[in-house]
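Everything on this sheet refers to the single structure shown next.
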Amino acid sequence: MPVHNSEIAAIFSQIADLLEIEGANAFRVRAYRKAARTIRGYPRSMGDLLEEDRDLTQLSGIGNDLADKIREIVETGDLAQLEKIEQRTPAGLAKMLEIKGLGPRKVQRLHSDLGITSLDQLREAAESGQVRELDGFGAKSEQNILKELERENPHAGRTQLSVAEETVLPLVNYFKDIEGVEQVEVAGSYRRRKETVGDLDVLAISEARGDTIQRFTEYEDVVEVISRGETRSTAIFRSGLQVDLRVVHRENYGAALFYFTGSRDHNLAIRRLALGQGLKLNEYGVFQDEECIAGETERDIYALFDLPFIPPELREAQGELAAAREGRLPDLVTLDDIRGDLQMHTTDSDGDATLKEMAQGVRERGYEYMAITDHSPHVAVTQGLDAAGLNRQIDEIERLNDEMEGITILKSIEVDILEDGSLDLPDDILERLDLTVCSVHSHFDLPREKQTERIIRAMDNPHFTILAHPTGRMIGKRPPYEIDLEQIMQAALERGCFLEINADPSRLDLNDVQARMARDMGLILAIDTDAHSVPGLAYMRFGIDQARRGWLEAGDVLNTRSLSDLRSLLQR
DNA sequence: GCCGTTTTCGGCCCGACTGTTTTCAGTCG
């Protein structure tokens, strides 16, 4: 059973938590956390890298020590060091860190003074009033612990970007109407357009800071105010999301925006540059001694270090600084570059709108072309099209193409890749199509090698065009199936096939890291909405976000091509 | 535990807010 990167990362995170509770060197703790982040976000499995005899110390934050530990976990599924630590410091203590207000020092005190090792014991101690007697604790912190234990993990997990938008866009509008508020922007991972956000960081320029904070805490969606100071406030919203507001002066706005956009690692890298030049960088600006020498715009800050503006989507400490320094930042794809949408459904299978309604919807978005991709019969619940149904649809598309101006409808199908790698419809009907979008909707649990072979065998079919939602993952709901993506991408390159970034915000598949891997290999990706309704066509922008996070330029995207260029690329 | 245009040793980000204090430690982002 191969060990997943996420499992290795979880072991390192656990070690970091327990070491921190023990009071270990904070930088050692940080090293484990950084390694966990690197491994969790790495596109290929550590096991594969080791099998290829690759040097793991090339990875950011991995030295000889941690490389050995990764090897041990891959080979044995476990790490002896962790078991040793857990003998001293019970694993349950790490769980207590998840309670807001409890950090390593307080958890350590609960353990050493009261012998608490689990959340249940913590609850008992708090209920019996023992906690308030401890040094550094009081009645309020005891109350807080009980309250946090009552919550059913409202903060646990991350929220889909599209869902977070529903909370934050009305808030931004609310601020725009408040007198004295000059500007409002959402920073954090939201601005970096990460597929999920933990909390929301809202930044406002106002000279009436106290008043702005006050209005924030009165906002109709706020159910609980966690903190309220002179420059910032934190509140829980009805959706369960935590929103942090910072109110700053105009002259500090760029520094604050930079600081709160992150990522943390990107900020640290820039801060190191500052330190190297004898400067200090904080959320108020860049300081030479006491004098602020930049801070009003982000551009000013980057310029101070001879760097161009780095788009937020790239600020993940994944080589963007080196690229910026060497003048090879990508010219990222934008929504305006998109000329068509190559996956969508109609009432002929499981869509809500008719073919004509979808065509009108696409035309209104200003695209030149679109592909209709209803399901094939194998996905029985969607009432997919059999050969006869598809033939009828093809005729209708031809009629519509004659009738409608300003849009070209391409004939296509989302055809199932069956367990043995064959496609769900016969070649003589696939031949009539302009392209196919091929996907896995069954047998998700095949072993990795089998699943990979299945998909590559499907690509051997000359009618195979685009591999749709290549990993099958649903954000927060379903993990990706086991495949060797690099091998699949290589196979696609060799056969003139394409992979998709599915723009549905609950899929976003390929993800950012995988999209970048494709780009690095020279593979062209399609960004498709997979819309099942006319409003669903608007999902394109989430796909663009993900593509930008994957460093894609317009040339890396299939559906930025003109129709005639597209047609020639579709010839295998 | 990592890392190196200042370093193979000695650095490793820093300010706001809360609660428990009586001048500050701990937590958070």
Side-chain angles (χ1 to χ4, degrees), chain A residues 12 15-17 19-21 23-38 56-70 81 96-110 131-145 148 155 187-190 197-203 209 213 225-235 242-248 252 255-256 258-287 305-306 317 322 325:
Chain A
F12 284 174
I15 289 178
D17 286 349
L19 285 178
E20 194 174 29
I21 292 167
N25 179 310
F27 301 108
R28 187 171 164 227
V29 172
R30 190 183 295 173
Y32 278 99
R33 295 234 162 91
K34 182 173 168 58
R37 275 204 304 280
T38 297
L56 297 185
T57 66
Q58 294 302 304
L59 303 179
S60 155
I62 310 288
N64 287 324
D65 246 64
L66 289 176
D68 286 347
K69 286 172 186 172
I70 294 171
Q81 183 201 7
M96 289 161 58
L97 284 181
E98 289 169 20
I99 294 179
K100 276 191 172 295
L102 287 189
R105 316 307 295 265
K106 291 196 163 170
V107 169
Q108 164 69 339
R109 186 160 290 278
L110 288 165
V131 171
R132 68 174 72 194
E133 302 301 330
L134 295 178
D135 270 2
F137 289 80
K140 274 207 166 172
S141 34
E142 191 173 83
Q143 279 305 306
N144 175 63
I145 286 170
E148 288 291 321
H155 311 303
S189 44
Y190 181 92
V197 302
D199 57 11
L200 288 163
D201 297 287
V202 180
L203 206 59
R209 299 208 291 200
I213 299 267
V225 177
I226 302 275
S227 77
R228 173 209 307 241
E230 284 173 31
T231 64
R232 50 184 270 198
S233 174
T234 297
Q242 176 177 315
V243 181
D244 294 337
L245 171 72
R246 271 95 175 175
V247 189
V248 301
N252 309 116
F258 170 79
Y259 189 90
F260 293 113
T261 296
S263 66
R264 184 177 38 207
D265 288 342
H266 177 86
N267 288 6
L268 287 177
I270 299 285
R271 194 190 299 271
R272 268 194 295 277
L273 288 182
L275 285 172
Q277 297 184 23
L279 303 172
K280 193 175 79 169
L281 170 61
N282 60 26
E283 64 253 57
Y284 296 103
V286 185
F287 293 86
F305 306 107
D306 291 323
R325 201 178 299 123

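All chains are named by letter (A, B, ...) in the order of the sequence lines, taking the proteins before the strands, and each is independently numbered beginning at 1.
Residue contacts for Ala256(A): at a heavy-atom cut-off of 4.0 Å it reaches no nucleic acid atom on any strand shown. As judged by a 4.0 angstrom heavy-atom cut-off over every strand, Tyr284(A) is placed among residues touching the sugar-phosphate backbone only. When heavy atoms are screened at a 4.0 angstrom cut-off, Asp201(A) is found touching the sugar-phosphate backbone but no base atom. Counting any heavy atom pair closer than 4.0 Å across all strands shown, Arg246(A) reaches sugar-phosphate atoms only and no base atom. Counting any heavy atom pair closer than 4.0 Å across all strands shown, Lys34(A) reaches no nucleic acid atom. Across all strands, Arg272(A) comes closer than 4.0 Å to no nucleic acid atom at all (heavy-atom distances). Nucleic acid contact class of Arg271(A) (heavy atoms, under 4.0 Å, all strands): base. If you check every strand for non-hydrogen atoms under 4.0 Å, Tyr259(A) touches a base.
Applying the side-chain hydrogen bond (donor to acceptor under 3.5 Å, both in side chains) test to Arg132(A) and every residue at least two apart in sequence or in another chain returns Glu142(A).
A pairwise comparison of heavy atoms in Asp199(A) and Gln242(A) identifies CB-O, 3.2 Å as the closest pair.
Rounding to the nearest 0.5 angstrom, the gap separating the NZ atom in Lys106(A) from the CG atom in Leu134(A) is 10.0 Å. Between Leu97(A) atom CG and Leu102(A) atom CG the span is 8.0 Å, to the nearest 0.5 Å. Arg105(A) CZ to Ile21(A) CD1: the interatomic distance, rounded to the nearest 0.5 Å, is 11.5 Å. Rounded to the nearest 0.5 Å, atoms CZ (Arg264(A)) and CZ (Arg37(A)) are 4.5 Å apart.
Residues Ile213(A) and Gly103(A) each lie close to DNA chain B; by heavy-atom proximity, the contact nearer the 5' end of the strand is made by Ile213(A). Both Ile99(A) and Ser227(A) sit near DNA chain B, but only Ser227(A) has its closest nucleotide nearer the 5' end.
Between Asp244(A) and Arg232(A) there is no salt bridge, since no side-chain nitrogen of the basic residue lies less than 4.0 Å from a carboxylate oxygen of the acidic one.
First and last contacts of DNA chain B with chain A, using any nucleotide atom under 4.0 Å from a protein heavy atom and ordered 5' to 3', fall at dG1(B) to dG29(B).
Both distances falling under 3.5 Å, in either a Watson-Crick or a G-U wobble arrangement, occur for no nucleotide opposite dT8(B).
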